[in-house]
Amino acid sequence: MVSLLVAGFVDETVAFLPFGALEPLRRDLDLSYAQGSILLALYPGIGVVGGVFGVLADRGSRRVIAAGGAFGYAAGLLLFAGGTSFPMLVVAIALMGFAGDALIRATDVALVDVAGDRIQLAVARATLLGTVGDLAGPALLAACLTAGLGWRAAFVAGGLGMAAYGLLLATQPLPAPHPLPVGADGSRRHSGVAEVIAVARDRQVLRLGLLSALVDVFDEPFIAFAIAYLTVSRGQPAGVAILTAGVGLAGGVAAAAWASRAERSAIAPSVVAALLLGGAATILAAPHPIMAAAGAAGVGAAVNLAWISLEARVLTLNPGQAGTTSAVVSAVGQLAILVPLVAVGQLAILVPLVAGVVADHGGVTQALLLYVAMAALFAVVNARDRTPEPHHVPAEALRSPRG
């Protein structure tokens, strides 16, 4: 189980690098904020295509998909490290996003089978380790910048580490997929497309997709613009701004640690909304890096609490179809613009792009104001969510983990 739980740590450590390095790489390669925003949006946006790995993980070898994803991720990181032009960075980050999707979806689906009825606790612990990765990423980048090695060195280190993780996964006996249900003709041959369509018709899945999209708005792209704001508008050195945002995410660690407790109260939507909106507004108004870090801590805590609740619901909503459900939820969040009534789901991709254009024309302060407005929208939508959490497992059932 340990090799699966650390997937989030490995992913989040390297996933921060393109976002945290936005300012130095923009200067080195003479990129505009709009070009930088394309990179920021493409990274999670490639999940529209990468979602196919969720469906495959329900039906094929999780070990092959996970290990292959890690090796592909490593190749993308090393290509990004050697990037000399915007098109080259686009190719590199597309590869990183696509391969990263394979890694995370396969390990998530395998974790469902290994954890059994302890999935909520497993998700919380994986999120806790992922949040530690949120801190490790800024630390790695800040160390490379402070030591004069530059942002490229951080990508090389990340690529080598990801390749090593791929080797580890390749040696793990991950659970085999569940047998396909028997059809009316006695056959187990069912179309993956038909399964996806069936899952996509579930209104609960659509709702979870919209909520996930709103949470994703405040992931790495938000941090990137917060760092740019602290650097450009508040005059902080790049290293200090990166550490301010990174240390502030310790709030996410605290929130995930609390959620990892066997006995705890339910996650209150009103608390999550208050933390997110208050944190974003504090970063914008803070006159000192310490206050900005406190605001980032609130955002980090809100994102983790919301994510733990949503992820546990997604992975357990359709037994035996965790990967397919997860893929559909992600697709809803990224393709919802095709359906006017749920266009809010496209925010995870549109917000970084719009923020980049706003930053180029009105400054990064205006871009951060856009995120504060998104936090207010999240508060409104989150307050209307009444979906209960999955059953919380008693402490005595958690003392002998399998795997």
In chain order, what residues pass the side chain to side chain contact (heavy atoms under 4.5 Å, CB included) check against V90, with sequence neighbours excluded?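 With neighbours one apart ignored, the set is L39, L42, F86.
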
Residue list, side chain to side chain contact (heavy atoms under 4.5 Å, CB included) with V132, at least two apart or on another chain: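 For V132, the residues satisfying side chain to side chain contact (heavy atoms under 4.5 Å, CB included) (neighbours in sequence not counted) are F9.
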
So [Y] and [X], do their side chains get closer than 4.5 Å, heavy atoms only?
X	Y	result
L167	F71	yes
V232	Y33	yes
V303	F222	no
V299	L275	no

What are the two closest non-hydrogen atoms of [X] and [Y], and how far apart are they?
X	Y	result
A376	L277	N-CD1, 3.7 Å
R152	A81	NH1-O, 2.8 Å
L141	F16	CD2-CE2, 3.9 Å
R63	Q172	CD-O, 2.9 Å
A66	T107	CB-CG2, 4.0 Å
L95	G72	CG-O, 3.6 Å

Measure the spacing between [atom1] of [X] and [atom2] of [Y] and express it to the nearest 0.5 Å.
X	Y	atom1	atom2	value
L129	D11	CG	CG	12.5 Å
I227	I283	CD1	CD1	10.0 Å
L369	L284	CG	CG	5.0 Å
M374	L276	CE	CG	11.0 Å
R234	T365	CZ	OG1	7.5 Å
L169	I65	CG	CD1	12.0 Å

Mind checking ring-ring contact (aromatic ring centres under 6.0 Å, His included) for Y229 and listing every partner two or more places apart, or none if nothing turns up?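 Here no residue qualifies.
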
Any chance you could lay out the side chain to side chain contact (heavy atoms under 4.5 Å, CB included) test for T127 and E311, step after step, and finish with the verdict? CA-CA 10 Å; T127 301; E311 181 74 352; over 6 Å; no

Is there a donor-acceptor contact under 3.5 Å from the side chain of [X] to the main chain of [Y]?
X	Y	answer
N304	A255	no
Q366	G363	no
T171	L168	yes

Count the heavy atoms of every other residue, nucleotide or ligand shown that sit under 6.0 Å from CG of L160, and state whether that count exceeds 12.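 Buried by this count: over 12 neighbours within 6.0 Å.
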
Run L31 and L25 through side chain to side chain contact (heavy atoms under 4.5 Å, CB included) and show every step you take. CA-CA 8 Å; L31 303 179; L25 78 85; 3.5 Å; yes

Once you measure the plane-to-plane angle for F225 and Y371, does it fall in the parallel (<30°), tilted (30-60°) or perpendicular (>60°) bin?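 Judged by the thresholds at 30° and 60°, the geometry between F225 and Y371 is tilted.
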
Pair Y165-V6, side chain to side chain contact (heavy atoms under 4.5 Å, CB included): steps then yes or no: CA-CA 9 Å; Y165 183 55; V6 299; 3.7 Å; yes

Going through the distances and angles, do M162 and L103 end up as a side chain to side chain contact (heavy atoms under 4.5 Å, CB included)? CA-CA 11 Å; M162 184 61 73; L103 168 65; 4.0 Å; yes

